[in-house]
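Working notes, beginning with the structure itself.
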Amino acid sequence: DFGSVSTDPEKHDVEYLTPISIGTPPQDLIVDFDTGSSDLWVFSTEMAASDIKGQTVYDPSNSSTSQILQGSTWEITYGDGSSSSGDVYIDTVTIGNLTVPNQAVEAAKKVSSEFTEDPNNDGLLGLGFTSINTVQPTPQNTFFDNIKESLDARLFTADLKHGAPGSYNFGYIDPAAYIGNISWTPVDNSQGFWGFTSPGYAVGTGAFRNHSMTGIADTGTTLLLLPKSVVSAYYKEIQGAEYDSDQGGYVFPCSPTPPDFVFGVNNGIVTVPGDMVSYAPVDTANQNCFGGIQRDTGIGFSIFGDVALKTSFVVFDAGGLQLGWAAK
Ligand SMILES: O=C(Cc1ccccc1)Nn1cnc2ccccc21
């Protein structure tokens, strides 16, 4: 069995939104697939109306297949400080043509302002490892964990694009989706993430520098967050680049296009084109851009977020406990 679903970027590729269906008859919601967390939670009829601003909500009482998971609750806080909490239903969830009949659907009762102020995002679907699911007293499986035994291969792929629809595929590697070879690297899932270590990096056409960078492949994070020393080495090559504490990161003139950023994956490399490093203009006046590569200070590991992922075709292989990166 295998399946595919389209995923669309919000403005500036800040997040990628993917349609899912929950319940009977199906309730269609659009959520953020997040390899950096492992809860499937959605806006719901159990929330205060003031916390809902345009989102579509899940109504378990309108689903003939929903069953409350008695006594279970969940609460999650993400690295950026946003948070949500609520209770849990078991219901049928469909992604593309793949259905899990008894999926734990975490219905929100409360969400922080970041979610309320994001009208197009109806929730999150975690694609991290079940070990970090927040449901108490008994953690619940992710959609992928529930479906993976029935897939032709225990993997999913992320093909995120810059300003264009991409796709998540489950159970197969589409040879037409990438070029060249896939570089494979082992995954450390001890923290519940898709963790790996990159051997080093290069700036533009410069020499490759051996510099271990341990981090996670995280579709739920917008930017590429790397060690301070690597980030300053990169921005040193851009005229006028500076760390702007007001903006909370490196800012530089939007033109000329900055140098590419290359990072290693095992014995292969991934190239982030310079035009993808200019994440977004900070003001229309003097055309300064906020960098897509920023420091990982305080996190404890690097985060290879959408800025890194959208340059590649990425295989999240749970069967082999490895990540595959390919150009496209
Ligand atoms: O929270 C983050 C980014 C982050 C910032 C600072 C420290 C650590 C990580 N990503 N993320 C990953 N999944 C998310 C889901 C919602 C919001 C943010 C999400």
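Remember, it's 1-based here, ligands and their atoms both numbered in the order they're listed. Just so we're clear, the structure is a prediction, and the values are computed from it rather than from any experiment.
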Ser183-Asn266 side chain donor-acceptor pair, cut-off 3.5 Å: no
message: Within ligand 1, which atoms have a heavy atom of Leu124 less than 4.0 Å away?
response: 15 (C)
query: Does the side chain of Asp80 pick up a donor-acceptor pair with the side chain of Ser82 at under 3.5 Å?
result: yes
task: Would you mind telling me if ligand 1 is within reach of the side chain of Leu225, the backbone, both or neither, using heavy atoms under 4.0 Å?
output: neither
message: Does ligand 1 come near enough to Asp32 that some N or O of the ligand is less than 3.5 Å from an N or O of the residue?
response: no
query: With a 4.0 Å cut-off on heavy atoms, is Ser37 touching ligand 1?
result: no
task: Run through Phe252, Phe290, Tyr243 and flag the one making a ring-ring contact (aromatic ring centres under 6.0 Å, His included) with Tyr235.
output: Phe252
statement: ring-ring contact (aromatic ring centres under 6.0 Å, His included) test vs Trp194 passes for just one of Trp325, Phe301, Phe144, Phe156, namely Phe156
message: Checking Asn120 against Glu10 for the side chain to side chain donor-acceptor pair (under 3.5 Å) test, could you report, in this order, the C-alpha distance in whole Å, the side-chain angles of both residues, the deciding distance, and whether it holds?
response: CA-CA 9 Å; Asn120 303 313; Glu10 284 282 273; 3.1 Å; yes
message: Please determine whether any non-hydrogen atom of Gly79 lies less than 4.0 Å from an atom of ligand 1.
response: yes
query: Which residue from Ser82, Gly220, Ser83, Gly298 reaches closest to atom 19 (C) of ligand 1 through any of its heavy atoms?
result: Gly220
field: Protein contact of atom 12 (C) of ligand 1 - nearest heavy atom, named by residue and atom, plus distance
entry: Asp218 OD2, 3.4 Å
task: Decide whether an N or O pair under 3.5 Å exists between Thr221 and ligand 1.
output: yes
message: Assess, by modelled atom type and distance only, whether the side chains of Thr73 and Asp87 contain a donor and an acceptor separated by less than 3.5 Å.
response: no
field: Atoms of ligand 1, numbered as shown, that sit under 4.0 Å from any heavy atom of Ile303
entry: 8 (C), 9 (C)
Asp34 neighbourhood, listing ligand 1 atoms whose heavy-atom distance to it stays under 4.0 Å: 12 (C), 13 (N), 14 (C), 15 (C)
For ligand 1, the portion of Asp80 having any non-hydrogen atom under 4.0 Å away: both
query: Do Asp317 and Gln322 have a side chain donor and acceptor closer than 3.5 Å?
result: yes
query: Angle class for the His12/Tyr279 ring planes (parallel below 30°, perpendicular above 60°, tilted otherwise)?
result: tilted
